A.B. asks: 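Quick one: the structure is below, and I'll ask about it shortly.
It should be emphasised that the depicted structure is a prediction, and the values quoted were computed from it without experimental measurement.
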Amino acid sequence: YAPWCPACQQMELTWESFAKEGKHLDITVGKVDVTQEPGLSGRFFVTTLPTIYHANDGVFRRYRGSRTLEDLQGYVLERKWEAVEPVAGWKSPSSIMMHGMAGLFHLSGWIRQIHSYLTVTLGIHVWISYTIFILATLLIGLFLGL
């Protein structure tokens, strides 16, 4: 979820109720703010919000059903998740490829922080910051190419 997402805000009370029912359902329910954890959004390949995953014994399934409390509970109680195709091995959050995707999301956050430091803290013009990043990219590429 993301705090600014209207669909996430709309579902918040339902999700909290579902989390409270977790003990009765013998499950753990959690939520992750993708603005605070960009690596996880990359690892789980989050493209829409809110995104719900069911994880059991290291097997991940994306929940695409209705967002009502009754349907979420039914998904678990009636074991409807068994009929859902697991996330493909190469797209699984535990795969090497998704570890790399998480790293790219972390890198983009780091670059954004550096850009903010240069422009906000140091007062450098935005285009000068862009020029610094372009030169750094070219130099790193040249170095790696050698």
Side-chain angles (χ1 to χ4, degrees), residues 1-23 25-68 71-73 75-76 79-146:
Y1 84 99
W4 49 262
C5 169
C8 299
Q9 293 168 354
Q10 183 180 6
M11 189 181 170
E12 188 171 5
L13 291 176
T14 302
W15 193 254
E16 288 177 9
S17 298
F18 184 55
K20 288 177 185 173
E21 294 293 320
K23 286 186 180 182
L25 299 171
D26 196 29
I27 61 170
T28 302
V29 177
K31 65 181 183 177
V32 176
D33 181 349
V34 296
T35 62
Q36 299 297 315
E37 298 293 337
L40 281 177
S41 67
R43 181 170 289 189
F44 281 84
F45 206 64
V46 174
T47 56
T48 58
L49 293 173
T51 299
I52 301 172
Y53 276 94
H54 174 268
N56 187 23
D57 294 329
V59 177
F60 298 89
R61 291 173 172 87
R62 185 160 175 192
Y63 176 78
R64 297 182 189 269
S66 171
R67 306 292 172 93
T68 65
D71 287 332
L72 290 167
Q73 290 172 335
Y75 186 77
V76 175
R79 301 178 69 91
K80 292 179 181 178
W81 53 269
E82 291 177 335
V84 176
E85 184 78 24
V87 175
W90 67 274
K91 286 177 73 176
S92 173
S94 58
S95 72
I96 292 172
M97 182 151 173
M98 290 299 121
H99 280 284
M101 184 70 79
L104 289 174
F105 275 66
H106 281 296
L107 178 64
S108 70
W110 185 66
I111 290 171
R112 189 175 327 121
Q113 287 176 346
I114 293 172
H115 177 70
S116 293
Y117 176 76
L118 292 172
T119 57
V120 177
T121 306
L122 297 180
I124 294 174
H125 193 274
V126 172
W127 287 105
I128 294 173
S129 175
Y130 291 160
T131 304
I132 291 169
F133 281 107
I134 290 169
L135 290 173
T137 302
L138 290 173
L139 289 173
I140 291 170
L142 180 63
F143 177 75
L144 291 174
L146 293 175

A.B. asks: Specify the closest pair of heavy atoms between Pro3 and Gln9, including all atoms of both residues, with the distance to one decimal.
C.D. replies: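 Looking at all heavy atoms of both residues, the closest pair is O-NE2, 2.7 Å.
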
A.B. asks: Using the test side chain to side chain donor-acceptor pair (under 3.5 Å), find all partners of Arg62 that sit at least two apart in sequence or belong to another chain.
C.D. replies: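 Side chain to side chain donor-acceptor pair (under 3.5 Å) check on Arg62 returns Thr48.
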
A.B. asks: For a 4.5 angstrom cut-off between non-hydrogen side-chain atoms, does Ile52 reach Met11?
C.D. replies: yes

A.B. asks: Only counting residues at least two apart or in another chain, list the ones meeting ring pair (Phe, Tyr, Trp, His ring centres under 6.0 Å) with Tyr63.
C.D. replies: Tyr75

A.B. asks: Test of understanding: with side chain to side chain donor-acceptor pair (under 3.5 Å), list the residues that count as partners of Asn56, not counting sequence neighbours.
C.D. replies: none

A.B. asks: Once you round to the nearest 0.5 Å, how far does OG of Ser17 lie from CG of Leu72?
C.D. replies: 10.0 Å

A.B. asks: Are side-chain heavy atoms of Leu138 and Phe143 found at a separation under 4.5 Å?
C.D. replies: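 Heavy-atom side-chain distance check fails, nothing below 4.5 Å.
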
A.B. asks: What distance separates Ile124 CD1 from Leu118 CG, expressed to the nearest 0.5 Å?
C.D. replies: 4.5 Å

A.B. asks: Within the 4.5 Å heavy-atom criterion, are Leu135 and Thr131 side-chain neighbours or not?
C.D. replies: yes

A.B. asks: Hey, what do you get for OH (Tyr1) to CG (Leu49), rounding to the nearest 0.5 Å?
C.D. replies: 11.0 Å

A.B. asks: Once you measure the plane-to-plane angle for His54 and Trp81, does it fall in the parallel (<30°), tilted (30-60°) or perpendicular (>60°) bin?
C.D. replies: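 Ring orientation of His54 relative to Trp81: parallel.
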
A.B. asks: Side-chain contact, heavy-atom cut-off 4.5 Å: His115 with Tyr130?
C.D. replies: yes

A.B. asks: Sequence neighbours excluded, which residues qualify as side chain to side chain donor-acceptor pair (under 3.5 Å) partners of Thr68?
C.D. replies: Asp71

A.B. asks: How close do Ala7 and Pro50 get, heavy atom to heavy atom, and via which atoms?
C.D. replies: CB-CD, 3.8 Å

A.B. asks: Nearest 0.5 Å please: distance from the NZ atom of Lys23 over to the OG1 atom of Thr28.
C.D. replies: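 Going from NZ on Lys23 over to OG1 on Thr28, the span is 10.0 Å.
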
A.B. asks: Would you say Val29 and Ile27 make side-chain contact, with heavy atoms under 4.5 Å?
C.D. replies: yes

A.B. asks: Check residues 30-37 and write down every donor-acceptor pair under 3.5 Å in which the side-chain atom is one partner and the other belongs to a residue at least two apart or another chain.
C.D. replies:
| residue | atom | partner | partner atom | Å |
| --- | --- | --- | --- | --- |
| Asp33 | OD1 | Thr35 | N | 2.9 |
| Asp33 | OD1 | Thr35 | OG1 | 2.5 |
| Asp33 | OD2 | Thr35 | OG1 | 3.1 |

A.B. asks: Give a yes or no answer on whether the side chain of Glu21 reaches the backbone of Gln73 with a donor-acceptor pair at less than 3.5 Å.
C.D. replies: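 Checked: no pair found.
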
A.B. asks: Any side-chain to backbone donor/acceptor pair from Arg61 onto Val84? Under 3.5 Å, distance only.
C.D. replies: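 The answer is yes, because a donor-acceptor pair under 3.5 Å joins these two groups.
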
A.B. asks: Tell me, please, which residues at least two apart from Phe133 pass ring pair (Phe, Tyr, Trp, His ring centres under 6.0 Å).
C.D. replies: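 None.
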
A.B. asks: Trp15 vs Phe18 aromatic rings, parallel, tilted or perpendicular, using cut-offs 30° and 60°?
C.D. replies: tilted

A.B. asks: Return the OG to CD1 distance between Ser129 and Ile111, rounded to the nearest 0.5 Å.
C.D. replies: 10.5 Å

A.B. asks: Mark yes when over 12 heavy atoms from residues, nucleotides or ligands other than Glu16 sit less than 6.0 Å from its CD; otherwise mark no.
C.D. replies: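 Correct, the count exceeds 12.
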
